[in-house]
Each structure stands twice: as C-alpha cells, then as structure tokens.
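For reference, the structure discussed in these notes is given below.
These values consider heavy atoms only, across backbone and side chains, with no hydrogens, waters or symmetry-generated copies.
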Amino acid sequence: MAVITRSVWTWPSRGSIALLACGALAGGGLAAAGVTVLEPRPATASSHREAPLISGQPQFDNTDVYAFVSPDHPDTTTLVANWLPFQEPAGGPNFYTFANDARYDLHVDSDGDAQDDLLYRFTFKDHRKNKNTFLYNTGAVESLDDQDLNFTQTYDIELLRLAHGKTVSRHKLAKSLPVAPSNVGKASMPDYQKLRDQAVQKVPGGLKAFAGQADDPFFLDLRVFDLLYGGDLSEVGNDTLKGYNVNTIALQVPNSYIRESEEQPVVGIYSTTERKNASGDWTRVSRLGMPLVNEVVNPVKDKDKFNASSPENDGDFLKNVTEPELPKLIEGIYKIKAPAEPRDDLVSVFLTGVKDLNQPPNVTPSEMLRLNTSIKPVAAPKRLGVLDGDNAGFPNGRRLTDDVLDIALQAVEGELVGSKNDLGDAVDANDKKFGTSFPYVALPASGSDVEKAAEADTKAAATGLTGGMSSITASWDDNTVVLVSAASGAAGVLLVGLGTAYVRSRRHPVRRSWLG
C-alpha cells in the first residue's frame, strides 16, 4: 500500500460566507492562511447552483470569480468570471448562450470602502442567420463570421465610474464584439483554437476582452455533499467538474486603471448578474466574490438574500462566519473537535484582507476577492497559495491554479488558530492545462470528447486499470484516515489526513508500502 499525504485546503465561494484567515509574519510575509467553507443542502461547486432561486436560472448563475496579476503582462490584472454551470458538451441543438436580458457586471473597489469605484458591464445580443433550421451550425465552422455558424452572439462593454454609490459617468468601451461559440464537435469545429483566438479582442486603452465557452476551471470532488465524502472519506479523488463547460467573461486591464495609486495597490473584485423583470427594472439575482461562500457558509435562509445584496451590507451575515456550520458537521461525522467560537480567525481575511498582504488602509469589512496588484506573479505557482508561502496566490486574489477547496477545509478546521491539519479532497489540479496567455482558461470540451472518454473507459476496463474503487479498506491511526482502493489488475491508494497536528507538524513519519 502506498500512502500519499496531501496538503489540502478549500475556499469559500459565492452566495454564502466562507472565510479564510492568515497569520502575518514579521516583514509582511505570511506563515499560514486559512479558509472556511460550510455546506448547505442544495449546493455544488463554488457557486454552482448554490442558492434556491438561482439554481433555476443557470444563465444568470455566476459560478466563480478569479482575479490575478497577468503572468505574461504583470503591468495588468486579469479578471475572469464564469456563468451557466454544468454544461454537457453535447447538449444541442441550442447549446449554451449568455442571456440577452441580463447585465453581467465586474465590480472594482479601489480604496477598500465596500463601495464600487468602477463597474465593467457586459450585455449580449443574439443573431441567427437562418430561422428555418434547428441547427446551431449548418456546416464546418472555420471562423467566427463563417456563414455556416448559424447562431452567434455579440456583446458590448460599458465602463461606469461611481462615487458614494452613485454613477458619475458612463463610457462605451466596445461594441458588437464576437462571442466564441459552444464547441459542438470536431466535425462542426475542426479548429476550435482558431475560433478562440478570434474571440480575443483588443479594447481601446490597452485592455483585452473575451467572452465565450471554456472548460470549467474549478476543480474539486463535489461528493462533499454526500455526508462529507460518504461519511467515511470513501468518496474522494474524483474531479466532479471534469468534462463540463461554463460561459466565461474575461477582461485584462492595466493595473493603473483599477488601483487607487502605487502606494495603495489593493483592489477588491466581485461580480454580479442583474435580470430585467416584468416591469422593466433590473434586479440583482447573483453575486460572487470569494469562492464557496454561499454554498457552505450561509444557511439556506440567507442564500438568496446574499445573492441580492451588496458588500456594504455584509454585516448581516457576520454570524455565519464567526459561528460556522462546517466544523460542527466534521466533528459530528469524523469526531474531530471544532475550533472554539467566535471564529475571529476567519473574519480578517474574508472581510478585510490580510494585514501586510492584501488589506487596504481603513478597510470597511466586506466580502470580495482582494488583490494586491504590486505583488508580481511567480514562475511556478503553488496550488496552496499563501499557505505554502506563495503570496501571489489565494487568498491574495485567486488564480486559476489555486486549490481553493483544500485551502478552505484546512482553514475551517483551525489552521490559523494552531490546529494544524492537511485536509483535502485529493483533487489537486484541473483536468485540462490552462493557457499561458489571455484569457488563460482552457478550451471547452466538445461533444466529440464524450466519445473519447467512453473509449478510454472501455480500454481502461479491458486492461484492469479503471481507477474505480472495487473495494475499500479504511484504518484510523492518530486521527488519520488511510483509504486503500483496489481495482482488478492494479492498486490505487489515497490518504486524507484528518489529524489536528499531523503532516504539517511532522510528528509522525509518512508510512509507505505497496498493496499488490
């Protein structure tokens, strides 16, 4: 039996309130950072279907937000926000579109007062060439203006400048930019990379924009909702979002545009969706800043309220953070004692940013991603970000590669108050490689990929390498669970550490053996 220890965390997400807290070292460095996540009933990944009302409106459902200093252009910041979760790649004939009765907004707080200073608004229009066919495309699509691409969308970008909650100016940054289509399959779109490249648009002022389908970049095992991974940790190690797509909006903006000054480089970022109601008014129906917040911190009674709220009102949800539900659930199922309340350790990072890292001066506590734009990107990002000494990563903003689920799990179990642990879901990276240039998200899976996956499963089964758990043995030692999965013709091993002072404190040596 080979035992693999994993340093893992998890992070909060949309509609609910999950927190992360960090301890600052002298000189401004961080020794540890933590995240909190609570698990309500009707929830899934990050913000995927996290609240009762938005779960029935997938086009308006904001699933994740990312904000990071661009690795290839460090004088800019890249903002990425995703909508419409769990897109089955072969889901035609209508496939997946942005709503044309929605306003998709990216918010920037430049001075930490919980009030918007900038708002980038994206609105979409539908275009159909031939209404006498049910087809999304009528032949192989070679370009975004190909006549065989029957259904297309375009979008406008508007910049609103605000002061004290009121709009002081509006400026149309771009009009009728093309949206990258859904990836129908290899016959319909033989060179999807070419279509992606054409959808990356330069916007006056040194900006870049993208809107279209992408692989869902969030990676985690969603079976956390089955009594915390099956009640015995038998359900871990499977990237539940593998093969699913999302609709992505990405914007690259010069740092100087969004930060208050070089002396105050920290910005707050979150996204919202507004929908036009029957009377013609706009209503906020979705909100997302930190990952996993509305899923696992807020109880059901607060989820829809959070989605309709603004950061300046986040005091309404403070108790969900200081008295979180998730540690109590873990204690009830796995008998690991929950840290003492109130959880002030979770409040500092979730609401204010971490001192000497990404906390603005005179900050007003509020939930949003906070990014220090003066911290340069690193050549080799560490998936645990600040917790592993990588201050360019989560919770300093959020990169595509940051393992926010593992980070959050460790934080909620007291990483910041002396209860060292290495909790995680054994999913450490996305199933697809991210890009090295804007918009950085991976290409979406196509309908043809479903066939490839089926062929791979058939081949794996024939060689006895399915990777599935045909049998599981579990043993407890020093609050550590070792799970051994044996498949015919092969052996697989997974360990998830649950000790309050296990791997990170290095009290116990890692045990290694092989199970034939």
Side-chain angles (χ1 to χ4, degrees), residues 8-14 35 44-50 58 61-72 77-89 96 98 104 106 180 182-183 192-193 196 199-200 208-222 238-252 269-271 288-293 295 369 371 377 381-385 392-395 397-408 424-425 427-446 449:
V8 274
W9 299 14
T10 313
W11 194 243
S13 157
R14 136 191 221 193
V35 184
T44 14
S46 190
S47 192
H48 304 49
R49 295 175 48 81
E50 94 294 344
D61 187 358
N62 192 180
T63 67
D64 285 282
V65 173
Y66 302 82
F68 51 90
V69 176
S70 308
D72 52 338
T77 290
T78 295
L79 311 178
V80 177
N82 298 325
W83 282 266
L84 213 169
F86 297 109
Q87 295 181 17
E88 194 341 281
Y96 305 97
F98 290 95
Y104 299 94
L106 301 177
S182 294
N183 192 357
Y192 192 86
Q193 180 67 62
R196 157 68 66 83
V200 174
K208 291 181 181 178
F210 168 81
Q213 193 179 51
D215 170 73
D216 192 334
F218 194 34
F219 51 92
L220 81 169
D221 194 324
L222 280 177
N238 176 65
D239 184 356
T240 318
L241 298 179
K242 179 180 180 180
Y244 287 109
N245 299 323
V246 289
N247 280 1
T248 293
I249 289 173
L251 187 68
Q252 190 170 88
I269 305 293
Y270 68 101
S271 68
L288 180 58
M290 293 290 247
L292 301 172
V293 169
E295 285 84 347
L369 283 177
L371 174 68
K382 297 180 179 179
R383 69 180 182 89
L384 296 182
F394 188 78
R398 181 186 179 187
R399 301 169 299 194
L400 297 172
T401 55
D402 289 333
D403 194 345
V404 295
L405 182 69
D406 286 4
I407 295 169
D425 63 349
V427 179
D428 296 345
N430 192 45
D431 59 299
K432 286 190 171 187
K433 294 289 185 181
F434 297 119
T436 58
S437 61
F438 182 84
Y440 306 104
V441 289
L443 296 180
S446 77
D449 293 330

Quick one: side chain to side chain donor-acceptor pair (under 3.5 Å) partners of [X], sequence neighbours excluded?
| X | result |
| --- | --- |
| Gln87 | Gln213, Asn247 |
| Asn183 | none |
| Asn238 | none |
| Thr240 | none |

Looking at every heavy atom in both [X] and [Y], which two are closest together, and how far apart are they?
| X | Y | result |
| --- | --- | --- |
| Ser70 | Thr77 | OG-C, 3.8 Å |
| Thr248 | Ala214 | OG1-CB, 3.5 Å |
| Pro71 | Pro377 | CA-CG, 3.7 Å |
| Arg196 | Pro444 | NH2-CD, 4.0 Å |

Result for side chain to side chain contact (heavy atoms under 4.5 Å, CB included) between Val246 and one of Asp64, Leu84, Asn82 points to Asn82

Taking only residues two or more places apart in sequence or in another chain, which ones pass side chain to side chain contact (heavy atoms under 4.5 Å, CB included) with [X]?
| X | answer |
| --- | --- |
| Lys242 | Asp239, Asp431 |
| Ala180 | Tyr192, Ala199, Phe210 |
| Lys382 | Asp388, Asp390 |
| Thr401 | Pro381, Arg399, Phe434 |

Tell me, do [X] and [Y] make a side-chain contact under 4.5 Å, heavy atoms counted?
| X | Y | value |
| --- | --- | --- |
| Ile269 | Val65 | yes |
| Asp402 | Pro395 | no |
| Pro439 | Val200 | yes |

[atom1] of [X] to [atom2] of [Y]: how many Å apart, nearest 0.5 Å?
| X | Y | atom1 | atom2 | value |
| --- | --- | --- | --- | --- |
| Phe218 | Asn430 | CZ | CG | 10.5 Å |
| Tyr440 | Phe68 | OH | CZ | 6.0 Å |
| Tyr244 | Asp215 | OH | CG | 12.5 Å |
| Leu79 | Leu369 | CG | CG | 9.5 Å |
| Lys432 | Leu443 | NZ | CG | 6.0 Å |
| Trp83 | Ile249 | CH2 | CD1 | 4.0 Å |

TODO: Report the C-alpha distance between Leu251 and Leu106 in whole Å, list the side-chain angles of each, state the deciding distance to 0.1 Å, and finish with yes or no for side chain to side chain contact (heavy atoms under 4.5 Å, CB included).
DONE: CA-CA 9 Å; Leu251 187 68; Leu106 301 177; 4.3 Å; yes

Sequence neighbours excluded, the answer for ring-ring contact (aromatic ring centres under 6.0 Å, His included) partners of Phe98 is Tyr104, Phe124

Residues passing the ring-ring contact (aromatic ring centres under 6.0 Å, His included) test with Phe219, sequence neighbours excluded, are none

- Within the distance-only criterion (no hydrogens, no angle test), does the side chain of Asn245 pair as donor or acceptor with the backbone N or O of Pro89 below 3.5 angstrom? no

Main-chain N/O of Glu88 paired with Tyr96 side-chain donor or acceptor, under 3.5 Å: yes

Sequence neighbours excluded, the answer for salt bridge (charged side-chain N to carboxylate O under 4.0 Å, His left out) partners of Asp221 is Arg223

